[in-house]
Each structure stands twice: as C-alpha cells, then as structure tokens.
Amino acid sequence: MGDTGGVSSARSVPRQEPTPMPRLAVYPLIVCVLAVAAAVVSFVQGNWLGIVWVLLAGLASNMTWYYVKRDKAAKAAEGAPAGGAAKPV
C-alpha cells in the first residue's frame with residue numbers, strides 16, 4: 001500500500017533521438033513533393049507541361065540530398081581532431 005523503499009524496476013535508459021534534418025534541406029523537400037503532385041495533376045489532365053514539373057522535382061531532390069550531405073560533413077568535421085582531415089563527402 002505504501003512505498004516499500006525498494007529499488008524501482010523501471011530502468012533509466014537514455015533516449016537516442018535521430019538527428020534533425022537541416023532546415024535548408026526541408027525547403028527543397030517540400031518543393032519536390034509539391035512538384036511531383038503538380039506533375040501528376042498535369043499528366044492526369046493530359047497536359048505535357050508536366051515534364052517541367054518532373055524536372056523541377058529532380059532538381060529539388062538533388063538540392064535536398066546536397067544539403068543533408070553538407071550538414072553531415074560539417075558535423076563530422078566538428079568532431080574530427082584539430083590536425084586531422086575531415087571525411088570526404
């Protein structure tokens with residue numbers, strides 16, 4: 001009925017949360033998703049202008065990967081020893 005003074009059975013486990021996506025990578029990701037949606041709508045309507053949306057989606061996708069890799073390389077360079085070289089991207 002009360003506290004017995006025993007050790008709690010719940011373990012204290014540190015939580016590992018994923019590293020957040022860099023803010024600059026979020027914007028081209030949003031553009032990529034919207035461009036894909038616009039391309040689908042355009043092709044469904046029979047408009048071949050959807051090819052431009054597909055190209056824009058590809059460009060935005062490449063920009064997203066660039067910003068993510070750049071952020072990873074910057075974080076790896078922060079953790080590298082002062083005299084050592086950073087990992088290549």
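Just so it is clear, the structure is predicted and the values come from calculations on it, not from any experiment.
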Would you tabulate the side-chain donor-acceptor contacts of residues 33-46 under 3.5 Å, counting partners in other chains and residues two or more places apart, or write 'none'?
unit_1: S42; atom_1: OG; unit_2: N47; atom_2: O; d: 3.1
unit_1: S42; atom_1: OG; unit_2: G50; atom_2: N; d: 3.2

**OP:** Might you work through the side-chain contact (heavy atoms from CB on, under 4.5 Å) test for V26 and I30, ending with a clear yes or no?
**Re:** CA-CA 6 Å; V26 174; I30 292 170; 3.9 Å; yes
**OP:** Report the C-alpha distance between L29 and M63 in whole Å, list the side-chain angles of each, state the deciding distance to 0.1 Å, and finish with yes or no for side-chain contact (heavy atoms from CB on, under 4.5 Å).
**Re:** CA-CA 8 Å; L29 180 65; M63 289 174 63; over 6 Å; no
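In the hydrophobic clustering (ILVMFWY side chains linked at under 4.5 Å, chained through shared members), Y27 stands by itself.
Interatomic distance, SG of C32 versus CH2 of W65, reported as 11.0 Å (0.5 Å rounding). Expressed to the nearest 0.5 Å, how far OG1 of T64 lies from CG of L59 amounts to 9.5 Å.
Side-chain contact between L49 and V52: present, with at least one pair of heavy atoms (C-beta onward) separated by less than 4.5 Å.
In the hydrophobic clustering of this structure, V54 groups with W48; members are Ile, Leu, Val, Met, Phe, Trp, Tyr whose side-chain heavy atoms approach within less than 4.5 Å, directly or through other members.
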